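So the structure is just underneath, and the comments pick up after that.
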Amino acid sequence: MHVILAPAPDGSVVLRRLDARGHRIGPDMTAARPELAREAERIEREERPRWVWRRAADWYPGFLAAGVRLERCHDLALCGAALEGSAFAAATHYTSTFAPRSEPTEPGGSLPQLPAPEGQGSLFEDTPDHGPDADKLEYELKAQLAAIAGATQPGRLRLLCAADSAGALVAAEMQAAGIPWDSTTHESLLAEQLGPRPRGLERPALLEEKANELREHLGAPRLNPDSPQELMRALHRAGIEARTTRAWELREFTHPAIQPLLEYKKLARLLAANGWAWLDAWVRDGRFRPEYVVAGVVTGRWASRGGGALQIPKQVRAAARALPGHKLVVADASQLEPRVLAALARDDEMAAAAQDADLYARIAAAGFGGDRAKAKVALLGAIYGATTGESGRLMPQLAKLYPRAVAYVEQAARDGERGLTVTTHLGRSSPRPSERWQRLQQSTTAEEQRRADAAARDRGRFTRNFVVQGTAAEWAECWMAELRLRLRRLAGRGLHGELVYFLHDEVMVHAEEPAAEACADAIREAAAAARRLLFGSAPVEFPVSIAVVDSYDQAK
DNA sequence: GTCCTGAGCGCG
DNA sequence: AAAGCGCGCTCAGGAC
């Protein structure tokens with residue numbers, strides 16, 4: 001059963017029941033704002049409906065603040081975006097009335113977000129106080145259910161919508177919970193590496209010291225090492241003919257200035273990205289509460305807003321610390337992308353290797369003379385589209401071992417080069433090429449042909465990776481959705497643990513100490529459930545490695 | 001002064 | 001060791 005939540009003009013909320021097919025049941029109800037959470041809680045307890053709203057991110061945080069958790073929802077904006085682009089539903093001609101329409105993206109990067117067309121109006125449409133009424137929401141829901149029912153793969157698209165919608169719930173719950181963050185630990189890490197917190201905007205003592213060391217070695221007493229141009233000139237004067245100031249390129253030179261320069265860069269990065277200013281801005285009441293953007297990446301991966309939540313550097317992970325009497329249960333899905341490829345391509349040979357806990361070692365034994373590093377480089381090269389270097393040279397050998405898997409990514413690459421879209425296992429399709437890209441492919445002059453070919457190859461690498469990265473994101477989202485349900489069940493038995501962090505193929509549960517092992521089991525069971533949901537009986541394993549620790553740095 | 005882009009580097 | 005995919009964030013420096 002569905003219950004639609006819609007804002008009413010008088011400030012109250014309309015609740016409308018529909019059956020599984022979208023037929024209305026009974027008259028609308030209304031709830032005044034202050035009673036909404038309690039009313040929803042009662043309906044949740046008695047009927048376990050699927051809550052339908054324009055966007056979970058607008059509504060659900062309010063419920064959480066009132067202490068009300070909901071199990072299932074249908075996020076019309078997220079589902080609309082996925083269905084509208086999906087090749088599986090192309091024949092249904094569904095178009096979303098809600099999802100923001102975005103321009104086709106350039107290969108390898110998205111265009112900046114266009115400003116809202118209707119001025120500040122859109123700011124308010126996006127809150128639960130303003131927006132489409134119950135009739136519009138009902139219309140949209142029916143259109144989406146029809147698009148799913150009429151699709152070439154209805155089961156997969158239904159799962160994709162359920163996964164994104166569950167993701168929206170988890171995202172709000174994790175933001176409300178936050179990662180337990182020990183500012184004292186963080187501050188002592190900073191003091192240790194950078195020196196005491198400076199009063200003003202000057203460099204911390206140890207960083208300034210490193211800068212002086214560098215200036216001496218380069219014979220440039222007034223150098224500002226934060227300026228790439230100044231730095232480049234100083235390097236050249238000292239006889240270091242670097243083309244860029246990237247760390248990996250600088251490492252190629254032997255000169256006494258290189259070591260202090262690399263150290264300076266490392267420390268300057270720590271200060272700028274995760275220093276005292278970061279602590280002030282993002283950590284409140286002992287928690288780091290990032291905002292997750294579900295399916296915010298073209299491939300369906302999540303993005304985040306604020307605080308760089310998906311880039312917490314190893315340097316400061318010790319500050320993510322369980323409260324007294326608690327543990328962090330940190331789990332990651334080992335070698336997720338190659339396993340996904342084996343399942344996607346139905347490559348039984350590679351699937352056999354994916355039965356093993358160490359897939360790379362099995363592949364190395366099968367055809368790379370036991371050289372694990374070689375097997376790994378070859379496989380990642382296939383997924384990323386490497387053509388040069390060692391990875392490119394190893395491709396023929398990989399293709400001989402696993403013809404189906406390699407053919408699968410090659411096909412995705414060729415489709416992309418030709419301007420076609422590609423689609424993940426559950427039906428998320430890649431964006432169409434931009435107008436500019438298509439025009440470039442029509443060009444006739446030799447110079448433009450060269451550029452067109454380069455752009456085609458770029459897009460081929462993008463679509464090649466899209467099918468694997470996107471399907472891996474679907475597995476991970478299902479993993480979290482399944483884990484979320486199991487953690488709820490454990491809580492009912494007095495074993496408390498809550499999801500507090502998610503990073504592509506990694507989850508973190510903050511658990512009361514006696515519940516930690518049960519949470520670890522739930523994580524493993526959820527991984528198995530996600531495999532069944534996506535790939536049924538395909539013989540591919542998705543092992544997770546789990547660490548029960550006091551702080552994040554102790555995991556792996 | 002404000003806005004935007006590229007370089008660089010953090011994460012998977 | 002390497003430079004193939006996807007992101008967010010900060011800073012410097014140029015454009016306006």
Side-chain angles (χ1 to χ4, degrees), chain A residues 105 107-112 115 201 224-232 242-252 261-262 264-275 277-278 281-282 290-293 295-317 332-338 340-341 371 373-374 376-395 409 412-413 416 422 430-431 457-473 476 501-507 552 556:
Chain A
T105 48
S110 53
L111 296 170
L201 294 174
N224 167 18
D226 294 327
S227 160
Q229 295 187 5
E230 267 188 54
L231 182 58
M232 192 63 104
R243 289 181 305 110
T244 73
T245 60
R246 290 190 189 116
W248 68 267
E249 196 178 322
L250 292 172
R251 260 179 221 119
E252 302 302 308
L261 174 53
L262 293 174
Y264 178 87
K265 278 171 159 284
K266 191 87 183 156
L267 292 177
R269 173 78 194 180
L270 172 63
L271 172 66
N274 295 95
W278 181 89
W282 299 111
E291 181 185 352
Y292 296 93
V293 185
V297 176
V298 273
T299 56
R301 270 189 175 182
W302 291 18
S304 71
R305 227 176 348 236
L310 305 186
Q311 303 124 261
I312 301 172
K314 299 213 159 80
Q315 276 166 304
V316 302
R317 289 186 178 185
D332 80 276
S334 316
Q335 308 154 344
L336 177 57
E337 294 196 348
V340 160
L341 173 56
D371 190 335
K374 262 192 186 171
K376 182 176 177 178
V377 164
L379 202 45
L380 291 179
I383 293 172
Y384 289 152
T387 51
T388 59
E390 190 184 7
S391 180
R393 282 194 300 281
L394 292 170
M395 278 295 280
V409 286
V422 295
S430 65
R457 281 194 302 275
D458 285 349
R459 188 158 194 281
R461 282 195 303 277
F462 166 63
T463 51
R464 170 198 295 270
N465 185 251
F466 182 95
V467 291
V468 179
Q469 188 185 116
T471 304
Y501 188 55
F502 169 60
L503 178 57
H504 307 318
D505 61 355
E506 190 176 322
V507 296
Y552 190 17
K556 70 177 173 188

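No experiment lies behind these values; they were computed from the predicted model shown. The chains referred to below are lettered A, B, ... by the order of the sequence lines, with proteins before strands, and numbering in each begins at 1.
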Side chain to side chain donor-acceptor pair (under 3.5 Å) partners for R269(A), two or more places apart: none
Atom NE2 of H504(A) and atom C1' of dG10(B): how far apart are they, to the nearest Å? 11 Å
Taking any heavy-atom pair under 4.0 Å as a contact, classify R246(A): base, sugar-phosphate, or nothing. sugar-phosphate
Of all residues at least two apart in sequence or in a different chain, which pass the side chain to side chain contact (heavy atoms under 4.5 Å, CB included) check with A476(A)? F502(A)
Could you please name the option among dC11(B), dG8(B), dC5(C) that lies closest to any side-chain atom of R317(A)? dC11(B)
Can you check the Y292(A) OH to dG12(B) P distance for me, whole Å? 14 Å
Flag, side chain of Y501(A) to backbone of E506(A), donor-acceptor distance under 3.5 Å: no
Side chains of S391(A) and L394(A), heavy atoms from C-beta outward: is any pair under 4.5 Å? no
Give the B/S/- string for nucleotides 8-14 of chain C, one per nucleotide from 5' to 3', where a protein heavy atom under 4.0 Å of the base yields B, of only the sugar-phosphate yields S, and otherwise -. BSSSSSS
Under the side chain to side chain donor-acceptor pair (under 3.5 Å) test, which residues partner T299(A), sequence neighbours left out? Q469(A)
Is the glycosidic angle of dG6(C) within 90° of 0, making it syn, or outside that range, making it anti? anti
Can you identify which nucleotide, out of dG10(B), dG12(B), dG8(B), has its nearest atom closest to the T244(A) side chain? dG8(B)
Atom CG of L380(A) and atom C1' of dG6(C): how far apart are they, to the nearest Å? 14 Å
Phosphate OP1/OP2 of dC9(B) contacted by K265(A) side-chain N/O (<4.0 Å): yes
In this structure, how many angstroms lie between the C1' atom of dC9(B) and the OH atom of Y264(A), rounded? 14 Å
Using salt bridge (charged side-chain N to carboxylate O under 4.0 Å, His left out) as the criterion, list what pairs up with R393(A), not counting sequence neighbours. none
Any side-chain N or O of R301(A) less than 4.0 Å from the OP1 or OP2 oxygen of dC7(C)? no
Run the side chain to side chain donor-acceptor pair (under 3.5 Å) test against Y264(A) and tell me which residues pass, sequence neighbours left out. R203(A), D226(A)
Can you measure F466(A) atom CZ to dG12(B) atom P for me and round it to whole angstrom units? 22 Å
What nucleic acid atoms does I312(A) come within less than 4.0 Å of, heavy atoms only: base, sugar-phosphate, or nothing? sugar-phosphate
Please identify each residue that fulfils side chain to side chain donor-acceptor pair (under 3.5 Å) with Q229(A), with sequence neighbours left out. none
Nucleotide N/O to protein N/O under 3.5 Å, stretch nucleotides 1-3 of chain C:
{"residue": "dA1(C)", "atom": "N1", "partner": "E390(A)", "partner atom": "OE1", "Å": "3.3"}

Please report, rounded to the nearest Å, how far the P atom of dG12(B) is from the CH2 atom of W302(A). 17 Å
With E390(A) via salt bridge (charged side-chain N to carboxylate O under 4.0 Å, His left out) - residues at least two apart: none
Figure out the CG/C1' separation between N465(A) and dG12(B), and round it to whole Å. 11 Å
Please check if the number of heavy atoms outside K265(A) that lie under 6.0 Å from its NZ is greater than 12. yes
Restricting to ring-ring contact (aromatic ring centres under 6.0 Å, His included), what partner residues turn up for Y292(A), sequence neighbours left out? W302(A)
For DNA chain C, just give me the dot-bracket, please: Watson-Crick or G-U, both distances below 3.5 Å, ( ) intra-strand, [ ] crossing earlier pairs, | paired with another strand, . unpaired. ....||||||||||||
Taking side chain to side chain contact (heavy atoms under 4.5 Å, CB included) as the definition, give me every residue that meets it alongside A272(A), ordered by chain and number, with sequence neighbours left out. none
Using whole Å, what does the distance between atom C1' of nucleotide dC9(B) and atom CG of L262(A) come to? 12 Å
